[in-house]
Amino acid sequence: MTYKDAKDALESRLREDGRPLIQLLAGPRQVGKTTLLTALLDEFDERAAYVSFDSPAAQFPGLWDRTWGQAYARSTRLGSAILLLDEIQHLEDWGTRLKGEWDRIVHLKLPLAVVASGSSSFRLTGALHKLTGRFERLTLGHWPAGEIASAFNIAPMEAAQTFVTLGSYPGSMHFRDDLPRFLSYVRESIINPSLSRDALATETGIRRPALLRQLLAICAGSPASIVSLNKLQGQISERGALQTLASYLEVLDDSFLIAPISKYAFNEVRSRKAPAKLIALNNALLAALHPEGPPQRAHEPARFGTWVENACIASARNAEQQVFYWREGAQEVDAVIDGSWGRWALEVKTGAYDSTDLRGLLEFTRRHPAFKPLVLCDDDYRIVADRLGIASIDWRSYLVAGIPSDLA
């Protein structure tokens, strides 16, 4: 969901007749969840109250009980009220606590609505079974290039370029012309808190935080690469068992940082056994963790092309499409997409290419005709795909607006 979509959905649900279910707002750090809750605070004025569990005040005893006591009183006094609970995953056993309060609201028939946000999907997921039948979940994802263009008055094609080299965290856009400050912001406001506060606070616990940090760095150094766990293990000085690495990859995925993309296969066992393709879910992570920073296309065309591929695949994943890759021998497809955008096999090309570079794409769609081939490339080279009867769009246009509906 984009920021606007999430805001519109929450405002609409909070105005519905009766008492809406608990609204759980999940998503990465620094994509606007707190901004959205404070916007709701302004929108609903005295009816709404806001509490953050990611602040020093949250450490004082009795905050939870005081918060709910005041909310109950407000709902009775005003006839309706809204309680906004930010970063609730930092509260111990929050699912059980929230269930208890919600059941009390229902029992007493109080006109009190609840919105709770969390930066770690695994913490939210781990508590969801305690809230069965009591909630709706919205996910505010990484911003697409089009939203960056609109929010910061950047030309769409420039926004796509920025999306590739600097990512799309809205807070970092203020520093896009000051690279040292930009990199510092991403490291200190996004990466470090995601690891030290969110990932380390999982219900299962992270026993080897140094291993988790090394794994993130290696994944960010190998964007859009198909890498086996054995190969990852060989690159890490802080050695860990393959099972530990696999579980830590899941943690990075649940932290909205790195997605291990599975191989597309009819046989689920074969798919699980195949190595994953590592995708950074926001290219800002690549910029902050690569020792040389963002690539310049003129000087590093190969690295730039890899970052474009990563950005294109991450855009589909962040838009909640099912995303896979495909490889058989020397033939490969960059991404296989199945979802609301349709069923597509994507090949991402920057710079010149010829028909031999599309053999994997043609072979995959021959074997799996339910998927349509699509080439994302520079506008000047779309003619190559056109000659083969393959649909194509400029990769910048794709990053801004996705796959056009007229291609479906």
Side-chain angles (χ1 to χ4, degrees), residues 1-55 67 71 74-75 78 80-89 98 102 111-121 123-124 128 131 134-154 156 159 163 167-174 189-190 198 256 281-282 284 314-315 317-321 339-341 399-402:
M1 252 187 195
T2 66
Y3 178 90
K4 183 179 184 303
D5 290 340
K7 185 172 183 292
D8 289 346
L10 284 173
E11 287 182 351
S12 175
R13 293 176 186 182
L14 292 173
R15 288 194 172 95
E16 290 175 351
D17 292 335
R19 184 191 312 103
L21 295 173
I22 299 169
Q23 301 298 308
L24 294 180
L25 180 64
R29 282 185 172 268
Q30 300 296 319
V31 295
K33 298 187 304 299
T34 297
T35 301
L36 197 161
L37 293 191
T38 54
L40 294 176
L41 184 65
D42 293 337
E43 179 73 20
F44 292 96
D45 200 20
E46 63 174 343
R47 289 173 52 201
Y50 169 89
V51 177
S52 172
F53 293 96
D54 191 23
S55 66
T67 296
R74 183 179 296 104
S75 68
L78 299 178
S80 68
I82 299 167
L83 182 57
L84 307 168
L85 307 171
D86 201 7
E87 299 288 1
I88 197 172
Q89 81 275 4
L98 187 54
W102 181 254
L112 177 60
V114 180
V115 181
S117 81
S119 292
S120 307
S121 65
R123 296 300 310 276
L124 291 170
L128 291 187
L131 296 171
R134 299 168 175 84
F135 75 94
E136 294 178 282
R137 180 163 64 166
L138 302 87
T139 300
L140 179 57
H142 291 284
W143 286 35
E147 196 167 15
I148 288 293
S150 176
F152 294 94
N153 196 28
I154 304 174
F163 188 87
S168 63
Y169 289 109
S172 70
M173 289 298 105
H174 300 290
S189 297
I190 298 167
D198 297 338
F256 305 97
L281 292 174
N282 195 306
S315 289
R317 180 59 148 67
N318 292 331
E320 299 186 330
Q321 307 301 298
S340 60
W341 291 1
L399 289 177
V400 170

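Side chains included, hydrogens not; waters and symmetry mates left out as well; all remaining heavy atoms used. For this chain, numbers begin at 1 and follow the sequence in order.
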Partners of Arg317 by salt bridge (Lys or Arg N to Asp or Glu O under 4.0 Å), sequence neighbours excluded?
Asp253
Which heavy-atom pair separates Leu83 from Leu112 by the least distance, and what is that distance?
N-CD1, 4.2 Å
For the residue pair Ala6 and Leu140, what are the closest heavy atoms and their distance?
CB-CD1, 4.2 Å
Is any side-chain heavy atom of Ile190 closer than 4.5 Å to a side-chain heavy atom of Asn282?
no
Inter-residue atom distance Leu84.CG - Phe44.CZ, 0.5 Å rounding:
9.0 Å
Show which side-chain atoms of residues 11-18 pair as donor or acceptor with protein atoms under 3.5 Å away, not counting sequence neighbours.
| from | atom 1 | to | atom 2 | distance (Å) |
| --- | --- | --- | --- | --- |
| Glu11 | OE2 | Lys7 | NZ | 2.5 |
| Arg13 | NH1 | Gln23 | OE1 | 2.8 |
| Arg15 | NH2 | Glu43 | OE2 | 2.6 |

Taking atom CG of Asn153 as the centre, does the number of heavy atoms from other residues, nucleotides or ligands within less than 6.0 Å exceed 12?
no
Return the minimal non-hydrogen interatomic distance between Ala26 and Arg137, and the atom names on each side.
CB-CD, 4.5 Å
With no hydrogens and no angle check, is any side-chain donor or acceptor of His142 less than 3.5 Å from a backbone partner on Gly167?
no
Pair listing, salt bridge (charged side-chain N to carboxylate O under 4.0 Å, His left out) test, anchored in residues 26-40, at least two apart
Arg29-Asp54, Arg29-Asp198
Supply the atom-to-atom distance Leu25 CG to Thr34 OG1, rounded to the nearest 0.5 angstrom.
9.0 Å
Working to the nearest 0.5 angstrom, can you tell me the gap between Ile148 CD1 and Trp143 CH2?
6.0 Å
Who are the ring-ring contact (aromatic ring centres under 6.0 Å, His included) partners of Phe152, not counting sequence neighbours?
His174
Point-to-point distance, once rounded to the nearest 0.5 Å, from OH of Tyr50 to CG of Leu85
10.0 Å
Residues forming a side-chain hydrogen bond (donor to acceptor under 3.5 Å, both in side chains) with Arg19, sequence neighbours excluded
none
Which residues pass the salt bridge (Lys or Arg N to Asp or Glu O under 4.0 Å) test with Arg47, not counting sequence neighbours?
none
Are the side chain of Gln321 and the backbone N or O of Trp341 linked by a donor-acceptor pair below 3.5 Å?
yes
Is the backbone of Gly146 close enough, under 3.5 Å, to the side chain of Ser150 for a donor and an acceptor to pair up by distance?
no
Got a sec, which residues hit side-chain hydrogen bond (donor to acceptor under 3.5 Å, both in side chains) with Ser172, two or more places apart in sequence or on another chain?
none
Non-neighbouring partners of Ser189 that pass side-chain hydrogen bond (donor to acceptor under 3.5 Å, both in side chains), sequence neighbours left out
none
Report the residues that fulfil side-chain contact (heavy atoms from CB on, under 4.5 Å) with Thr2, sequence neighbours left out, ordered by chain and then residue number.
Lys4, Asp5, Pro144, Glu147
Report the distance from atom OG1 of Thr35 to atom CG of Leu40, rounding to the nearest 0.5 Å.
11.0 Å
Determine whether Leu36 and Tyr3 make a side-chain contact, defined as any pair of heavy atoms from C-beta on separated by less than 4.5 Å.
yes
Ignoring hydrogens and geometry, is there a side-chain-to-backbone donor-acceptor pair from Thr139 to Gly27 under 3.5 Å?
no
Identify, with sequence neighbours excluded, every residue that meets side-chain contact (heavy atoms from CB on, under 4.5 Å) alongside Ser315.
Phe163, Tyr398, Leu399
To the closest 0.5 Å, what do you measure between CZ (Phe135) and CG (Leu24)?
6.0 Å
Would you indicate whether the side-chain heavy atoms of Gln89 and Phe53 approach each other to under 4.5 Å?
no
Ala149: partners by side-chain contact (heavy atoms from CB on, under 4.5 Å), with sequence neighbours left out
Ala159
Hits for side-chain contact (heavy atoms from CB on, under 4.5 Å) against Ala401, two or more places apart or cross-chain, chain-then-number order -> none
